[in-house]
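Structure record follows, encoded as structure tokens.
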Amino acid sequence: MWIEEISKEVHLYEGKEVEIKGWLYNRRSSGKIHFLIVRDGTGIIQGVVVQDKVSSAVFDLCNSITQESSLIVKGKVRKDARSSGGYELDITDIRVIQSAAPYPISKKEHGIDFLLSHRHLWLRSRRQFAIMRIRGEIIAAIQDFFNARGFVRLDAPIFTPSACEGTTTLFEVPYFGDKVYLSQSGQLYAEAGCMAFGKVYTFGPTFRAELSKTRRHLTEFWQIEPEIAYAELTDIMKLAEEFVSYVVKRVIEHRKEELSIIERDIKLLDKINPPFPQISYQEAIDLLAKQDKVPQIEWGDDFGAPQETYLSEQFELPVMIHRYPAKCKSFYMKRDTQDPNLALCVDMIATEGYGEIIGGSQREENLTTLEQRIKEFNLPKEPHEWYLDLRRYGSVPHSGFGLGLERLVAWICKLQHIREAIPFPRTIERFYP
Ligand code: 4AD
Ligand code: MG
């Protein structure tokens, strides 16, 4: 029996004897009574051991069970309005499977470095439990959203011959006498996919050797990247706002308890509904020019974290900033016919200072123009031949975007730092455990 099943339908189990297989989360004792807080990975339940209701062996055992010992308990489910889940377990029997050594993570405050070095154990704690369950819900919602709309999931390779998002953040890997790079993005492969299947999405780990030591950057993060044939910039902007709103709604509906464990204020998330505000890069620059809280940037520069935060604070909804100067964006972006200095691209900036969660664009579909861009960006042509083929054989306008899963998790959970949004974070300074 899983604890989650009991909490979902307490009335079914009330008065019944159940067996829980789990670990000891915590213990309190007061003379003739022990309170064992047991977790099984799906939830937490308080078990009560009363001296004159169990054998003396079982009662005495409780004095010595250590935190995180694995155990199997039997007991009767009892309604209890004072208990956090609304019910408790009157324990009749306990079997210890392994008696845990003194557990390194206790109730006292630990430094973040210590906790990260013990991430394999830290994941068992209540707050991390809630965050990871919300992450799981977000992943399920992402797939449901695209599957329900007829997208085919088409995963991209991780070893790649070329750069998608600039050559400065590439991880190089030796490959049988050759060298390859860890994928920065599945996009180029998704483009091949949409020409074969109309609408596809990739969903997998992507890598950036980012030298940024910020609360928004990981070196390994998951990206979901839809790509649609015949779609233009406005089409994917609409898709992006519907997508993000859907995922937020799913989390609010299915993960109320977890949101309350991490004390997330749902009122702000409840407002996330389309349409989202849309401003051009130029309008964003004009907004920044009117204030003196954060540094100004030159036309042509990308926004940094302070500018993104300032811009996001001007709106209650995520804001979509479109048409950035082409020179600060990637080689594959189509230019605006109205002004060829601008790329037909969009970034979605989350609320509450969480920065960019989505980057997307319409793609250059003309062969000669794309060849020219590859030259201008100083990229080698040969590893891109297959990509250029997509422009040789039935090229069509097409567009897509990439959403960073951990940025979305960090925003929805309002985390201090992105490293808590992934089970085993990889940053510049950390690849253990
Ligand atoms: O804006 P980016 O670089 O766009 C691309 O990779 C495109 N090829 C996507 C596409 O059009 N298919 O990255 C997309 C998103 C960002 O908006 C951000 O959410 C996330 O990926 N991201 C990171 N997340 C964590 N750590 C990092 N170092 C990240 N870099 C990007
Ligand atoms: Mg970006």
For K16 and E5, run salt bridge (Lys or Arg N to Asp or Glu O under 4.0 Å): C-alpha distance rounded to whole Å, both residues' side-chain angles, the deciding distance at 0.1 Å, then the answer.
CA-CA 13 Å; K16 299 236 164 74; E5 293 171 39; over 6 Å; no
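- The local environment of OH in Y175 is sparse, with at most 12 non-hydrogen atoms from other residues, nucleotides or ligands closer than 6.0 Å.
- Between the side chain of E88 and the backbone N or O of Q46 there is no donor-acceptor pair closer than 3.5 Å.
- The side-chain heavy atoms of V48 and L89, taken from C-beta on, include no pair separated by under 4.5 Å.
- Applying the side chain to side chain donor-acceptor pair (under 3.5 Å) test to T309 and every residue at least two apart in sequence or in another chain returns R216.
- With a 4.5 Å cut-off on side-chain heavy atoms, E68 and R39 count as touching.
- Heavy atoms from other residues, nucleotides or ligands lying under 6.0 Å from CG of D265 number more than 12.
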Apply the test salt bridge (Lys or Arg N to Asp or Glu O under 4.0 Å) to residues K267 and D270: give CA-CA distance (whole Å), side-chain angles for both, the deciding distance (0.1 Å), then the verdict.
CA-CA 5 Å; K267 278 200 295 295; D270 252 334; over 6 Å; no
After noting the C-alpha distance and the side-chain angles of E191 and Y332, does the key distance pass the side chain to side chain donor-acceptor pair (under 3.5 Å) rule?
CA-CA 11 Å; E191 287 184 55; Y332 51 72; over 6 Å; no
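- With salt bridges taken as basic N to acidic carboxylate O contacts below 4.0 Å, one links E242 and K238.
- At a threshold of 4.5 Å between non-hydrogen side-chain atoms, the residues I357 and W411 count as touching.
- Among residues at least two apart or in separate chains, there is no side-chain hydrogen bond (donor to acceptor under 3.5 Å, both in side chains) pair with a member in residues 98-107.
- Using a 4.0 Å cut-off between charged side-chain N and carboxylate O, R133 and E257 make no salt bridge.
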Going through the checks in order, is the side chain to side chain contact (heavy atoms under 4.5 Å, CB included) test met by T427 and K213?
CA-CA 8 Å; T427 57; K213 227 163 108 179; over 6 Å; no
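- Between R208 and E165 there is no salt bridge, since no side-chain nitrogen of the basic residue lies less than 4.0 Å from a carboxylate oxygen of the acidic one.
- A salt bridge links R135 with E406: the distance from a Lys NZ or Arg NE/NH1/NH2 to an Asp or Glu carboxylate oxygen falls below 4.0 Å.
- Under the 3.5 Å distance criterion, the side-chain polar atoms of Q296 are matched with a main-chain donor or acceptor of L288.
- Within a 6.0 Å radius of CD in E14, other residues, nucleotides and ligands contribute more than 12 heavy atoms.
- At a threshold of 4.0 Å, the pair D144-R250 counts as salt-bridged, since one of the basic side-chain nitrogens sits closer than that to a carboxylate oxygen.
- By the 4.0 Å N-to-carboxylate-O rule, E308 lies too far from R407 to be salt-bridged with it.
- With hydrogens and angles disregarded, a donor-acceptor distance shorter than 3.5 Å links the side chain of S395 to the backbone of E365.
- A salt bridge links E385 to K381: one of the charged nitrogens lies within less than 4.0 Å of a carboxylate oxygen.
- Seen from the ring of F35, R28 counts as a face-on cation partner, given the 6.0 Å and 45° thresholds.
- Ring centroids of F303 and Y281 are separated by less than 6.0 Å, placing the two rings close together.
- A donor atom on one side chain and an acceptor atom on the other are not found under 3.5 Å apart for S185 and Q223.
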Evaluate the side chain to side chain donor-acceptor pair (under 3.5 Å) criterion for residues N366 and K334: first the C-alpha distance (whole Å), next the side-chain angles of each, then the deciding distance (0.1 Å), finally the verdict.
CA-CA 9 Å; N366 179 275; K334 190 176 168 71; over 6 Å; no
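- The six-membered or imidazole ring of H384 lies away from that of F377, with a centre-to-centre distance of 6.0 Å or more.
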Go through Q143 and R153 one step at a time and tell me if the side chain to side chain donor-acceptor pair (under 3.5 Å) criterion holds.
CA-CA 8 Å; Q143 301 189 80; R153 175 169 171 164; 2.9 Å; yes
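- Ionic pairing of R215 and E420 is not present here: no N-O contact between side-chain nitrogen and carboxylate oxygen is shorter than 4.0 angstrom.
- Other residues, nucleotides and ligands place no more than 12 heavy atoms under 6.0 Å from the OH atom of Y230.
- Ring orientation note: the planes of F243 and F145 are tilted relative to one another, at an angle of 30° to 60°.
- The six-membered or imidazole ring of Y181 lies away from that of F207, with a centre-to-centre distance of 6.0 Å or more.
- Ring centroid separation for the pair W386 and Y189 comes in under the 6.0 Å cut-off.
- The number of heavy atoms from other shown groups lying within 6.0 Å of CD (Q291) is above 12.
- Side-chain N/O atoms of K327 and N341 include no donor and acceptor closer than 3.5 Å.
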Take E376 and R373, measure what salt bridge (Lys or Arg N to Asp or Glu O under 4.0 Å) needs, and give me the verdict at the end.
CA-CA 5 Å; E376 283 167 20; R373 292 283 139 70; 3.6 Å; yes
